[in-house]
Each structure stands twice: as C-alpha cells, then as structure tokens.
J.: 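Dropping the structure in here first, questions after.
Only heavy atoms go into these numbers, but all of them, side chains included; no hydrogens, no water, no symmetry mates. A, B, ... follow the sequence lines: proteins, then strands. Residue 1 opens every chain.
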2 protein chains.
Amino acid sequence: MNGISMIQLAKELGLSVSTVSKALGDSHEISASTKKRVLELAKKYKYKPNPFASNLRKKKGKQIAVIIPDIVNNFFALAVDGIESVTMSKHYDTFIYLTHENLEREKAVLEHLESGLISGLIISVCTGREGYAHFQEFYETTRLPIVFFDRVPDLLQFPKVIANNYESSFDATARLIKAGSKRPALITTTEPMFTSMERRRGYQDALEKHGIVFTDEMIIHCTDDMALNYTILRKIFSQKKRPDGIFASIEKYAITSYEVCKDLKLSIPKDVKVIGMTNLRTAALLNPSLSTLSQPAFDMGKEAAGLLIKMIEKKSYAAANDIIVLPNELTIRDSI
Amino acid sequence: MNGISMIQLAKELGLSVSTVSKALGDSHEISASTKKRVLELAKKYKYKPNPFASNLRKKKGKQIAVIIPDIVNNFFALAVDGIESVTMSKHYDTFIYLTHENLEREKAVLEHLESGLISGLIISVCTGREGYAHFQEFYETTRLPIVFFDRVPDLLQFPKVIANNYESSFDATARLIKAGSKRPALITTTEPMFTSMERRRGYQDALEKHGIVFTDEMIIHCTDDMALNYTILRKIFSQKKRPDGIFASIEKYAITSYEVCKDLKLSIPKDVKVIGMTNLRTAALLNPSLSTLSQPAFDMGKEAAGLLIKMIEKKSYAAANDIIVLPNELTIRDSI
DNA sequence: TGCTTTTACGAAAACGTTATAGGAAAAAAG
DNA sequence: CTTTTTTCCTATAACGTTTTCGTAAAAGCA
C-alpha cells in the first residue's frame, strides 16, 4: 500500500495518467517509444497496480475462492494443491474457506462472497442431496462461474469435476469378492450425497453380478464423529454374523476399521478383507498394508481450476455444463 | 458484483450517500431513527458493501495471506485449519500460497503481495538461514504486519510462533537412548533452518548428557526428494555399523525410514528404534505403531492468526517482537 | 431574548484505476 | 495542395466507498 501510484509515474514522465495506463496495458494506441519509457520507469519504481482500484473499475478481479469441508485430509489437501498450481501459474489469488461439514457455515461463506470479492468459485459441498438453494441463489445474484468437484450437487446444472465412482467402486467390490469375501460390507456416510450414492450403486451392482444377495445390514452408516464411528463399527464386528469384507468409501472409515479390527483381534485379511477409498500416503505402511481406491485428487483440483479460469476469462459459457470425469486408481496390497 | 449499491439505497431512502455510509457504520452523527430505516432497507435488499471500493478508500482490507511450503502435509494442513478458524471468526478472508520449498516462488509471491492486496501475512519459510532479504524488503515497502510460524528466520526481528523444538528433541532423543539405542541417528534436512538447528541442538545435548560420543556420521541429511531420500537411507542402513535408532526430525523422513527398514528386513524396534516428528493421524496404525513427537500445529496456526489480527487492528506494534512458544507432544508407541 | 452548543445531515473530494470520447499532428491518399 | 486517414496522446467520467468540512435546525443557557 506504500508503493508508487500511476499518477506519480505520469507526473514524472510528463504524460497523462491515461497514457500511462494504456502503455502498461500494452495498448496499440501508444507508441513503442512511449511504452518503453513507461515500462522502464515502472520497473525502476517497482510499480504495482493497486488491485482494489483496478478491480473496482473493471468490476472484476483475479481472485477466486475454494470452499471445502476440511483441509486435514489428504484428498482435499491434494485437491487444493492442484488448484493452487493452476491459479499460481495463471496469476490468480486463491481464497480458502473451510466448512467443517457445517451447512450453516457453508451458507455464511457463500453469502459473504456475494459482496463480489471474487470472480469465481470452486466448491466441494458439505451436505446431502437437498438444500442446494444457496448455490442457486448465489449464482442468481452474482452470475459468477462456479465449478463443483468431488462432492457435487447432482441435481443442479453446473460444471463439475468428479471421479468415476460407480465404475471404480464396482471394481473394488469385485476384487473383494474375488479375494474370497462372501459378505463384504460397505461403510458409507449418513449424508445422502451423490458421490456416496454412486459408490453404493457400484458396490451393489458388483454384488449382484457375482450372485451375492444384498441385504440392508450390509451397509454400515458412519458419521463425522470418529468416536461414534468406532462404537458403531465395534458393535457390528462383534456380532457372530459379521461382515468378512469392508469397502470403506471414505478415508477415515478405513482407519477406524483398522482400529476396530485390531482391538477385536480380527485378522486382516484373513478374517476381514479391506479396501479403503483413500489418498493416504501411509497406506502401504499400515499393518497390514492397506489396499486402496485412491482418487485423482491433484488432477481433480487442476481440472476444476482450469475450467473455472476458462469460464472467467472467456465470455462464452459453453463449458457451463461440462462434467469432467477422472479415473480412481485401485491399488491392491496386503489387506485383501 | 450484481447487488445493490449504497447509491441506490440512498436514492430510495431520500438520503445522501454519506448519511447512508455513516448509518451503516453506526456513526454517532446519525439519529437512531435514520439508522433503523437504513439498516432495514439494506437488509431487505441484502446490501453488501463493495470490498474493492471500501478497501480502496480505507487503504486497508480484511484479507490476509498464508504462505507455506506445502499443504499435503498434516502439519501445515492443521496449521491452516487453525489459522482459518480464527480468520473465519474475525471475518477475514484468507489467501493461500504454496511455495513447494522453492525460494524463487516464495520471492515471487511476496513481490506480488506488495501490490497491497492484503493487510497482513502469515508465513512459514521455505529456505535456510540466509537469503531473508525479501522479507525485510517486503516489510520495508509495505509496512504490513508479518507473523512467522514454525520455520522462522531466527535472525530477523519479527513476531514468531514456534514449538519448543530444543527441549522436546532433547526429550525424544533421551527416550531413544533409554530404550536401548547406543547410536541413535538424527535425520534432518540439508537446508540450514533454525527449526532444524534447534532440534539438532536438543539431539546433541541429549547424547552428551547420556555419555554418547557424537560423530558427524550420526547426522543423516535428507532432501525434499522422496526417492533420493530412500537411496540415501538405504545406503546408510545397509552398512555394518548402521545406526540403531532414528530421530526423524521431519514427517516424511519417518515414513521413508519405515520403508527402508521394511525392505532391508530390519526389525523395528528390535534392530532400529524410531521416533518421528510428525502429525500423522495414522501413526498408531503403522507397523509397528510409530512413536511420535507431534507439533501443536492447529494451535500454532491459531496463535499466529490471532497475533496477526491483533497487529492489524491495533495501531500499537508492541507485539512486534513477540515469540510464542508452544510445546510439542511426545507419544511413545511400539517403534521404540 | 440573544448567544452558544449540539445534533443530524449533505456536498464534495478522495482512493487509484480503466474506458470512452475526442482532438491535434503527422502521414497517406487523391 | 487539399482531403482523408492514421497515429498518438489527453481530458474526463466513471467504479462505490469513506472522510472531511460545512451548515441548518434544535437545544441549552443566561
């Protein structure tokens, strides 16, 4: 805030402010020699255009926001890494907001951003399949480009970046079955999210394909509360007729599954075969090493940011209904 | 950018713009009844002040920046979580920039931020003990408050939030020795950072205190390249006179140590005892469960953000030389 | 009553840009 | 040698706030 302004530059050069502005913008209206003079003095004084003035006048800036449920999570951390790699290279600034799975917080952030602080939004939703009015409303009032990733509201018409959850869940479940699991369970969230539903669909179709009769108890609903999840899982795995396989569709559920099996002295993979949907870097080092279905988190972030910036910079909103699908990666280790 | 402006509010109320501005700012110059009228209409239209106009006029905004080397790392992710929890509650917006341990990138970000986009800066440095000119320069030209955390430049006079690295490293090393390690090694970075040096000091003093003669080979220097680290460690642990203990002063070095020991069929803790400086949530699930010295990452972020906002809002820079020290936590598990 | 003080508002300038419109000089065209 | 076009620059008005200063009316005071 302490640097030199365009006005001072103009004064020292004996030029008008508009000339300086155009010279810095490399306008064709300005002669090469004048441009050179301006650029040189600007460099000498390390002139930096005031972003507030510029944004105010242009009614548009180079700032975007990322709203995610959590950052202490390899998936989202990687996604942010991917987003930042793009925004950095395109000279955008990236705001970050964490909702901690709290709908009210999500709404509050969205309302706050209606001030016009940003020129685009990347978001991974924190709730189920309902209550998306705030996204629609945000869009109606701001008309700003939005890209959803991973946890997307399937019922809304917005560009999205997702993984092939159905297909990869099908494959993962099939692998559990082929490895000998007769009753593989799906651990999923209580929130009815599109992402989870796709995974569930893949899971159920794989069961059917392999002639396993699906019953409701095969689906275990966990929450955001790690301690509660432990209780839930411990109870289920203490039963006589417990599952002999686990497809943990969320990172932390895989970890809790390991804890429960360890405490109940259930052997992995002998008693229970496990595949976890996770991007944990330590998966290979767990005891036993965890078979994972990992998401292309970094690339999802990259694609989302690329798409968003394209939408911001092109007037064309042709991309508005784009859905980019990236493949999950199945890595079989000792837990199966 | 599509909402209603103050001008339109004023027009509809039959008031001047300045009156509306003051009313919204709860100025004493405005009567209670007028304030009420203004507030009501503002709420009706969901009026949001344009942050660019406001920041431009006030020469100050409610945006801060966080610059860190990495986000795919539990320590920094937790720190960002802590920072965000504060900025969110104080209604600040948080920019995030990742340097990926790249000095040039760090310099570029700092220079970019000299435009005045932010009102304060939280940073964890990416380099050694030299080349801090860019921080000093950033401060000279912007006069903006800066708070360093974890990786701090010890030679510069700025407020800092750090962990008790010396004391806790001393304790961790002492535990390795008490557990039977005769030649515990320290794995540290090649970059000569203050943080690492403190850890090293604690390590060496613990050796001396317990009558172990220190030699240079006991310090293993690793890099930012995981594959290279593997090679380095594998070579050292393949030697006859290999270390029988590891104090891994950085998260990823602990993981690579595990990988190397596993591949070399060295038993942890029988052949090699390990303590890792890490915030990994899966530490307890590793094989064997990893003893950790974990940093108060979330709280460090919280303290840093709290301090920064205090500096931004108070005119007093009394806090300018504050150094906040938080304790690391030692958790002994099966790897020792 | 006349005087001062307080209350409650408005006019206008400022913050640092960018965009629009216009114009003088130089170059090109006839 | 005029006319047209092109080149290069300036003046000015925005963008939406906040702040300073001025002032009429109301209130206080003798």
J.: Can you tell which of D/dT17, C/dT18, D/dC15 lies closest to the side chain of B/Ser5?
T.: D/dT17
J.: Check whether any side-chain N or O of A/Lys59 sits under 4.0 Å from OP1 or OP2 of D/dG16, and answer yes or no.
T.: yes
J.: Please say whether more than 12 non-hydrogen atoms of neighbouring residues, nucleotides or ligands are located less than 6.0 Å from NZ in A/Lys90.
T.: no
J.: Would you say the side chain of B/Arg57 and the base of D/dT18 hold a donor-acceptor pair, judged only by whether the two atoms sit under 3.5 Å apart?
T.: yes
J.: So, B/Lys48 side chain and A/Leu113 main chain: donor-acceptor pair closer than 3.5 Å or not?
T.: no
J.: Ignoring hydrogens and angles, are the base of D/dC9 and the side chain of A/Glu29 linked by a donor-acceptor pair under 3.5 Å?
T.: yes
J.: Please report the distance, rounded to the nearest Å, between CD1 in A/Ile4 and P in C/dC15.
T.: 15 Å
J.: May I ask you to decide if the ring planes of B/Phe149 and B/Phe76 are parallel, tilted or perpendicular, using 30° and 60° as cut-offs?
T.: perpendicular
J.: Quick one: is C/dC9 close enough that its OP1 or OP2 comes under 4.0 Å of any side-chain N or O from B/Thr19?
T.: no
J.: Please state how far atom CG in B/Leu15 lies from atom P in C/dA11, giving the value in whole angstrom units.
T.: 11 Å
J.: For the pair A/Arg105 (side chain) and A/Thr99 (backbone), establish whether a donor and an acceptor sit closer than 3.5 Å, ignoring hydrogens and angles.
T.: no
J.: Is A/Tyr47 close enough to C/dT17 that one of its side-chain N or O atoms is under 4.0 Å from OP1 or OP2 there?
T.: yes
J.: Quick one: the side chain of B/Lys22 and the base of C/dG10, do they pair up donor-acceptor inside 3.5 Å?
T.: yes
J.: Rounded to whole Å, how long is the line connecting atom NZ of B/Lys58 with atom C1' of D/dT20?
T.: 17 Å
J.: When you check the phosphate oxygens OP1 and OP2 of D/dT19, does a side-chain N or O of B/Ser18 lie under 4.0 Å from one of them?
T.: no
J.: Atom CG of A/Leu13 to atom C1' of D/dC9: distance rounded to whole Å?
T.: 13 Å
J.: Which whole-number value in Å describes the distance from B/Leu56 CG to C/dC15 P?
T.: 9 Å
J.: Which nucleotide sits closest to the side chain of B/Val17: C/dT17, D/dG16, D/dT18?
T.: D/dT18
J.: If you assign each of A/Ala53 and A/Gly14 to its closest nucleotide in DNA chain D, which residue comes earlier from the 5' end?
T.: A/Gly14
J.: Atom CZ of B/Phe52 and atom P of C/dT18: how far apart are they, to the nearest Å?
T.: 14 Å
J.: Above 12 or not: heavy atoms from other molecules or residues under 6.0 Å from NZ of B/Lys302?
T.: no
J.: Between the base of D/dT18 and the side chain of B/Lys60, is there a donor-acceptor distance below 3.5 Å?
T.: no
J.: Please give, in whole Å, the distance from D/dT18 P to B/Met6 CE?
T.: 5 Å
J.: Find the distance B/Leu117:CG to C/dT17:C1' and express it as a whole number of Å.
T.: 15 Å
J.: Are OP1 or OP2 of C/dT18 and a side-chain N or O of A/Ser21 less than 4.0 angstrom apart?
T.: yes
J.: Which nucleotide, D/dT17, C/dC9, D/dT18, lies nearest any side-chain atom of B/Ile7?
T.: D/dT17
J.: Name the closest nucleotide to the B/Ser16 side chain, picking from C/dA11, C/dC15, C/dT18.
T.: C/dA11
J.: Can you name the nearest heavy-atom pair linking B/Phe52 to A/Gly116, along with the distance?
T.: CE1-O, 3.4 Å
